[in-house]
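For reference, the structure is listed below as structure tokens.
Each chain gets a letter, A, B and so on, in the order the sequences are listed, and its residues count up from 1. Computed from heavy atoms alone, side chains included, the values below leave out hydrogens, waters and symmetry copies.
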Amino acid sequence: MSKLPEKSSQKKPRVIHWYRTDLRVHDSPSLKTAIDLDPECLWSIWIWDPTYVQGHRVGMNRLHFVLESMRELSGSLTSIDSGHKLSVLRGSPEKVLDWIFKNWDVTHIVWEIDTSAYARNRDAAIMDLAQKHNVTALPVLGHTLYSVPLLLKHNANKPTTTMQQWMKAASHLPSPEFPIPAPTELPPAGKVILPEGGFIHDDGTEPKDVNLQEQGGWRRERVSCFDKEGRTATDIPSLESVGIVKEEVQSLIPPGERVALDRLARLCKDKAWVAAFAKPQSSPAVVPSEFMEGAMYKNPSQKGEIKNTKAAGGSTFVLSMFLKFGCLSVRTFYHSAKQAIEDYKAANLTGAVVQSEPENIIGQLKFREMYICAEYATPNFSRIRGNKLCRYISWKCPTRYDENGVEIHPRPKDDEDAEKILYAWTHGQTGFPWIDALMRQLRQTGWMHHLGRHSVACFLTRGQGYISWERGAEVFDELLLDWDPAANSGNWMWLSCSAFYSMYYRVYSPVSFPQKWDPTGQLVRLYCPELKDFPDKYIYEPHKAPLSIQQKANCVIGVTYPHPILDLKTSQASCQRLMKQAYDANLYGTSPAVLDGSAQDLLDIRAKAGKTAADGDGGSTFKEESGVKSDKAKGAPKRMNPFERAKMGSTASTVKTNDPAVKRKKLS
DNA sequence: ATCAGAGTTGATAAT
DNA sequence: AATTATCAACTCTGA
Ligand SMILES: Cc1cc2nc3c(=O)[nH]c(=O)nc-3n(C[C@H](O)[C@H](O)[C@H](O)COP(=O)(O)OP(=O)(O)OC[C@H]3O[C@@H](n4cnc5c(N)ncnc54)[C@H](O)[C@@H]3O)c2cc1C
């Protein structure tokens, strides 16, 4: 904000408000910043990047969600000032803004800060571009309650890996400000002009569309929104132009700011419920009734709220997708919930037990920020390789790299059994009804309860499948409405015991766990209708039902519904063994052996030797030399395992010490 | 230095 | 039925 560009110093500012993570008009600090500049004119733009639409696996549900949220926002702008709408410019941000800065006579560009890796790089480039064109760029806090870099300063700029750490750091910052209302008027709308033929050129650089059916996606034909006609339009792309057939959108969660605010208000009206909300007591088997009663465009097969006695608290808030696209301001969420809790406390009623952080809803919003901070401070957060927080574990179906450390696409297949498990998990065909119901719920609706995500993530990775969490995260990326790079990778590392959490011996059972929450198997009956006539007794293990019962239920296992893809007990035991070996090896994403690609071999050697530090009998050289625990037990000082030490060579001491992979191994 | 205790949310058997 | 102990066990914090 320092100096106004010379060319514009005489006149009022001409301001672009670039929407990205803030599809709303209520409590938008960036919109307020733009308006407060008292501009001569204001442009509201969204940049529709072919890379997102074609180069990234995005399910139909999320694409629909963002487009319809944009459409609603545009309408909201128009109803505040009839001259306004959201202009959607087709092209890459750099190309679009470069031309705009040259041709629109812009003085300022304002946006809401997005700290995720992709956005950070993009915005750094746009900052440079703006400076080059004498345009003032104003990034404004609004997607998080606390400034991420400021908070991290109070954590020695290290990733926040526990809630306590994060809270301690946050305690140094001012509490989140109160929300601001939507503007009642807007400055005059800026005139939108485009280059001849738009921003996209047929130079052969158009990304190939990974969402086409022939690429394993859902889209039947190539999108038309970047065609000759489409690319010169400035309206919100129609669903048809991105290949969406309205009637095929299965998600039950309607997009947009209005729905989000209504839902938040309705939930917060029940102050006792908000005050008593405790995440671990919310049910993974409950689907909120309003999302059950009508699909957006067709009559759903799903009807009726799932209720059972164990799930008295109901589900969670189901607002994550609105936070993700900024249809709902996190400050509004935070303060509404806080107010409800305060009001309930003040009323001094008996009945509901008031919950506290981090189990309560305020704690949930803080977890969101903990992951956002962790992502910001951790290069390669979405990968194992190069990720200093992430343990190296010898997962199946890992991301493969060439000798230059470049990811190989498409990923070379792993052994057939592992690929089968991954495929079955992805498509809800594992033969474990609880897992399959949840995965089908995800595919259909774009949302799954947190504990459901725990179940399926644990199953795929450390519990039974021993498949890389990166594969699971990819599937979530494609299918979740609320997909977020920080929350998704962070939670996957948590569940796979790769970071944040380490008690790998606590494993969710796809049988006992749902029995606790949904003894009558309602979620399964809803999402795996072929199983709907099984008796409760067999609903989570239909393969154990006698053939007569299977026949009576019109569902013979192996014919109508698959056999279990793996044996629970033996898979779990082998996972536990391998996890122990990986923990003993103590490699991280930034360990030299991981970077040079030799880590897998190291762990394979350990696995062959079949020994872990805790194993009793001798005969293994590894037992003597590798285990931290056994060293401790013998009272010996901690020692680096021989494999890692060999790889690190003499450079070990020069590696940055804030790398836990090194720090933990440092001789003390 | 050492050790108990906590950590967003496990399963199972025994009481 | 619902609570409690045990299982086998990781990592960090703080007394
Ligand atoms: C393997 C796995 C992957 C996940 N991937 C994502 C993801 O891509 N995007 C995403 O938003 N959440 C993700 N989560 C976190 C969590 O499951 C969802 O945020 C939550 O279920 C959303 O439902 P809700 O709005 O009803 O949550 P509520 O319990 O009502 O919480 C309110 C809000 O707090 C935030 N929040 C709550 N829990 C978490 C959490 N553990 N991590 C981060 N934010 C949280 C969300 O924004 C949520 O909307 C993932 C969890 C797991 C286990």
Item to complete: In whole angstrom, give me the gap between the C1' atoms of B:dA1 and C:dA15.
Response: 12 Å

Worksheet item: Given B:dG10, C:dC10, B:dT8, which nucleotide is nearest the side-chain atoms of A:Met163?
Response: B:dT8

Worksheet item: Taking the same atom, C1', in B:dG5 and in C:dA9, what whole-Å distance lies between them?
Response: 14 Å

Discussion item. Using side chain to side chain contact (heavy atoms under 4.5 Å, CB included), reason through A:Cys373 and A:Tyr146 one step at a time and then give a plain yes or no.
Written reply: CA-CA 10 Å; A:Cys373 290; A:Tyr146 297 91; over 6 Å; no

Worksheet entry | Whole angstrom value for the distance that separates C1' of B:dG7 from NE2 of A:His454 | 13 Å

Item to complete: Could you state the atom-to-atom distance from NZ of A:Lys279 to P of B:dT9 in whole Å?
Response: 12 Å

Practice prompt. Mind checking A:Gln576 for me? I need base, sugar-phosphate or nothing, with any heavy atom below 4.0 Å counting as a touch.
Written response: nothing

Item to complete: Grab the NZ-P distance between A:Lys366 and B:dT9 for me, whole Å please.
Response: 18 Å

Worksheet entry | Residue whose nearest DNA chain C nucleotide is more 5′ - A:Arg506 or A:Tyr583 | A:Arg506

Practice prompt. Would you please confirm or rule out a distance under 4.0 Å between OP1 or OP2 of C:dT13 and any side-chain N or O of A:Lys168?
Written response: no

Practice prompt. For A:Trp494 and B:dG10, give me the distance from atom CH2 to atom P, rounded to whole Å.
Written response: 11 Å

Practice prompt. Consider only side-chain N and O atoms of A:His449 and A:Ser315, and report whether a donor and an acceptor are under 3.5 Å apart.
Written response: no

Worksheet entry | Between A:Phe317 and A:Trp273, ring centroids under 6.0 Å | yes

Worksheet item: When all nucleic acid strands are considered with a 4.0 Å heavy-atom cut-off, which category describes A:Asn491: base, sugar-phosphate, or nothing?
Response: base

Worksheet entry | Distance, rounded to the nearest Å, where A:Lys569 contributes NZ and B:dA11 contributes C1' | 10 Å

Worksheet item: Within this structure, what is the CD-to-C1' distance between A:Gln581 and C:dA9, rounded to whole angstrom?
Response: 16 Å

Discussion item. Taking only the P atom of each, what is the distance from C:dA5 to B:dA6 in whole angstrom?
Written reply: 14 Å

Worksheet item: Would you say B:dT9 has OP1 or OP2 under 4.0 Å from some side-chain N or O of A:Lys516?
Response: no

Worksheet item: Can you tell me the Watson-Crick or wobble partner of C:dA2, both distances under 3.5 angstrom?
Response: B:dT15

Worksheet item: Looking at the side chain of A:Pro280, which of B:dT9, B:dA11, B:dT8 is the nearest nucleotide?
Response: B:dT9

Practice prompt. Please name the residue in the list A:Arg331, A:His335, A:Glu177 that meets the side chain to side chain contact (heavy atoms under 4.5 Å, CB included) test with A:Leu145.
Written response: A:Arg331

Worksheet item: Below 6.0 angstrom between ring centroids: does that apply to A:Phe322 and A:Phe333?
Response: no

Discussion item. Is the base of B:dT8 stacked against the aromatic ring of A:Phe367, taking ring centres under 5.5 Å apart and planes under 30° as the test?
Written reply: yes

Discussion item. Is A:Ser512 close enough to B:dT12 that one of its side-chain N or O atoms is under 4.0 Å from OP1 or OP2 there?
Written reply: yes

Discussion item. Given B:dG10, B:dT8, C:dC10, identify the nucleotide with an atom nearest to the side chain of A:Pro358.
Written reply: B:dT8

Worksheet entry | NZ/NE/NH1/NH2 to OD/OE distance under 4.0 Å, A:Arg383 and A:Glu474 | yes

Response to the item:
Pairing partner of B:dG5, by Watson-Crick or G-U wobble and under 3.5 Å for both distances, is C:dC12

Discussion item. In whole Å, I'd like the distance from the CE atom of A:Met167 to the C1' atom of B:dT8.
Written reply: 10 Å

Worksheet entry | A:Phe513 side-chain proximity, nearest of C:dA9, B:dG10, B:dG7 | B:dG10

Fill in: Interatomic distance where CG belongs to A:Leu451 and C1' belongs to B:dT9 [whole Å]
6 Å

